[in-house]
Asker: 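Structure provided below as C-alpha cells; questions to follow.
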Amino acid sequence: MGRLKNGMIRTWGLASGWFRDVYRNRRLILDLANKDFKSRYAASYLGIIWAFVQPIVTVSIYILVFQVGFKQGMKRDVPFALWLTVGIVPYLFFQEALLSATNSLMEFSYLVKKVVFKISVLPMVKIISAAYVHLFFIALLTGIYLCFGMAPHIYMLQVFYYSFATVVLVLGLSYITASMVVFFRDLGQIVNILLQFFMWLTPIMWDTNDMNWLTPNIHRILKLNPIYYITSGYRDAFLDKVWFWEKGEWTLYFWVVALFIGMAGTLAFKKLEKHFADVL
C-alpha cells in the first residue's frame, strides 16, 4: 500500500512538473512549433500549402473509392462524403501528430544535448505543429457541412473537446514511442504500420450499424480502442447531435485509459531521459 501511495505521489509530481515546464516555456514551444510547421515544406515552391494538399487528396481518394467505386449513398440520412470526412479528419490528426511526435527527439537532437533545455516539451511542439492543419480541416469540415445545406448547431462546439482529448491521448503515447525510438530506430516504421492497421479497425470507413455480424460483444471490444471514442465523438458533434456526457461510461473509460497512458509515458520518458544525449 505504501509503495502504491509513493508511486502515485511521484507520478503526480512528474505531471505537475511537466505542466510547469510547459507554462514556463510556452513561448518557446509555440515558436518551435511555428518554425517546424514552416520548415517542413520550406524547400518546395508551394511551401506550407503542401501541408493541406496531402490530407485533402487522401480524403478525396477515400470518398471516390467508397462513394463512386462501392456506390455508397447515404449514411444516417446524411451524404456519405460528409459522414466519411467527419470520421477521417480526427484520425488523420491523430496519425500525423503521433508519427511526428515519435520522431521529435531525433529531429531536435541538438536541443536534447543542451543541459538547460527541457526536452520533455518537444513532443508537444510536434503535436501543436500538426494541430495547425487540423484546425484548418475543422473549418473546412464546417464549410462542407454548410454546403450540404445543413444548419450549424451548438453540438458542433464539442469538436474542440474531442480535439483536446486527441491531444492528451497522443501526448501520452508519444512519450512512450519517442523515448523508445531513440534506442530502437525501427519503431517509427512499426508505429506507421500500426496506425494504418488501426484506421481499418476503427469504424471510420464502415458503419457498425450496417454490420450484421457485429455482435454486442464484438462491438464492446471495438470500443476499447480509444480512437473509436474520438471519431465517434466527431460524428456525434456534427451529425448525431449527442453530448459527450450522455455517453458517461464511455467517456469515463476513455479518460481513465488516456490518463493511465499519460502517466506510463511520463514515467518511461523520465526514466530514459538521462540516456538520450548519449545515444543521439
Side-chain angles (χ1 to χ4, degrees), residues 52 54-63 66-67 72 74-99 127-128 130-173 195-196 198-211 219 222-255 257-258 261:
F52 306 100
Q54 184 176 353
I56 290 174
V57 171
T58 301
V59 173
S60 301
I61 290 173
Y62 282 122
I63 291 174
F66 283 92
Q67 184 160 344
Q72 295 285 346
M74 303 288 286
K75 285 285 186 181
R76 304 180 189 178
D77 298 324
V78 298
F80 176 79
L82 178 60
W83 181 86
L84 177 61
T85 304
V86 173
I88 202 172
V89 161
Y91 192 86
L92 291 177
F93 172 45
F94 173 80
Q95 183 180 50
E96 173 62 22
L98 182 57
L99 283 174
I127 294 172
I128 293 175
Y132 292 153
V133 179
H134 184 59
L135 289 174
F136 165 78
F137 273 94
I138 289 177
L140 180 63
L141 188 57
T142 304
I144 295 173
Y145 186 89
L146 297 175
C147 287
F148 277 109
M150 306 179 75
H153 48 78
I154 194 171
Y155 294 90
M156 295 169 66
L157 293 176
Q158 63 184 331
V159 72
F160 296 105
Y161 157 76
Y162 286 108
S163 296
F164 173 74
T166 307
V167 170
V168 173
L169 180 62
V170 170
L171 187 60
L173 288 171
L195 285 171
Q196 295 179 45
F198 272 102
M199 174 178 280
W200 294 99
L201 187 62
T202 305
I204 297 174
M205 314 297 178
W206 49 280
D207 190 352
T208 54
N209 296 325
D210 295 339
M211 302 298 170
H219 194 192
L222 289 174
K223 290 173 72 173
L224 295 177
N225 176 7
I227 307 303
Y228 186 9
Y229 172 79
I230 293 170
T231 56
S232 297
Y234 271 64
R235 285 177 174 145
D236 288 340
F238 277 91
L239 307 177
D240 297 332
K241 299 180 181 179
V242 177
W243 291 111
F244 67 88
W245 58 76
E246 294 182 49
K247 298 181 175 180
E249 292 183 1
W250 199 5
T251 297
L252 178 62
Y253 165 78
F254 171 83
W255 283 109
V257 171
I261 292 174

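Predicted model, so just to flag it, every value in this text is computed and none were measured. All values below were derived from every heavy atom in this structure, side-chain atoms included, with hydrogens, water molecules and symmetry-related copies excluded.
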Asker: Side chain to side chain contact (heavy atoms under 4.5 Å, CB included) between M156 and Y145: does it pass, once the steps are laid out?
Answerer: CA-CA 11 Å; M156 295 169 66; Y145 186 89; 4.1 Å; yes
Asker: Ignoring hydrogens and geometry, is there a side-chain-to-backbone donor-acceptor pair from Y155 to D240 under 3.5 Å?
Answerer: no
Asker: Identify the two heavy atoms, one from I204 and one from R235, that lie closest to each other, and give their separation to 0.1 Å.
Answerer: O-NH2, 2.9 Å
Asker: How many angstroms lie between OG1 in T166 and CG in L171, if you round to the nearest 0.5 Å?
Answerer: 12.0 Å
Asker: Apply side chain to side chain donor-acceptor pair (under 3.5 Å) to the pair S163 and Y234, showing each step before the final yes or no.
Answerer: CA-CA 9 Å; S163 296; Y234 271 64; 2.7 Å; yes
Asker: How close do A237 and V159 get, counting heavy atoms only, and between which atoms?
Answerer: CB-N, 4.2 Å
Asker: Show the numbers, then the answer: is there a side chain to side chain contact (heavy atoms under 4.5 Å, CB included) between F94 and I230?
Answerer: CA-CA 10 Å; F94 173 80; I230 293 170; 5.6 Å; no
Asker: Hey, what do you get for CD (Q196) to CG (L201), rounding to the nearest 0.5 Å?
Answerer: 14.0 Å
Asker: If you count heavy atoms of other groups shown closer than 6.0 angstrom to CD1 of I154, is the number above 12?
Answerer: no
Asker: So V257 and L224, side chain to side chain contact (heavy atoms under 4.5 Å, CB included) or not? Walk me through it.
Answerer: CA-CA 9 Å; V257 171; L224 295 177; over 6 Å; no
Asker: Is a side-chain N or O of Y91 found less than 3.5 angstrom from the main chain of L195, in a donor-acceptor match?
Answerer: yes
Asker: Before giving the answer on side chain to side chain contact (heavy atoms under 4.5 Å, CB included), spell out for E96 and V133 the whole-Å C-alpha distance, their side-chain angles and the decisive distance to 0.1 Å.
Answerer: CA-CA 10 Å; E96 173 62 22; V133 179; over 6 Å; no
Asker: Run the ring pair (Phe, Tyr, Trp, His ring centres under 6.0 Å) test on W250 and Y228 for me, step by step, so that the C-alpha distance in whole Å, both residues' side-chain angles and the decisive distance to 0.1 Å come before the verdict.
Answerer: CA-CA 10 Å; W250 199 5; Y228 186 9; 5.3 Å; yes
Asker: Search all heavy atoms of I261 against all heavy atoms of G172 and return the closest pair with its distance.
Answerer: CG2-C, 3.6 Å
Asker: Roughly how far, to the nearest 0.5 Å, is CG of L222 from CD1 of I227?
Answerer: 13.5 Å
Asker: Compute the ring centroids of Y229 and F244, then answer whether they are less than 6.0 Å apart.
Answerer: no
Asker: Looking at every heavy atom in both G87 and T231, which two are closest together, and how far apart are they?
Answerer: O-CG2, 3.5 Å
Asker: Side chains of K247 and D236: does their closest heavy-atom pair fall under 4.5 Å?
Answerer: yes
Asker: Atom CE in M150, atom CZ in F238: separation rounded to 0.5 Å?
Answerer: 10.5 Å
Asker: State the CD1-NE2 distance between I127 and H134, to the nearest 0.5 angstrom.
Answerer: 12.5 Å
Asker: Show the nearest heavy-atom pair for residues F254 and L169, with the distance to one decimal.
Answerer: CE1-CD2, 4.1 Å
Asker: First locate atom OG1 of T85, then atom CG of L141, and finally report the distance between them rounded to the nearest 0.5 Å.
Answerer: 6.5 Å
Asker: Between F137 and F93, is the ring centroid distance below 6.0 Å?
Answerer: no
Asker: Can you confirm whether more than 12 heavy atoms, excluding those of E249, are under 6.0 Å from its CD atom?
Answerer: no
Asker: Which heavy atom in T251 sits nearest to a heavy atom in Y161, and how many Å separate them?
Answerer: CG2-OH, 3.5 Å
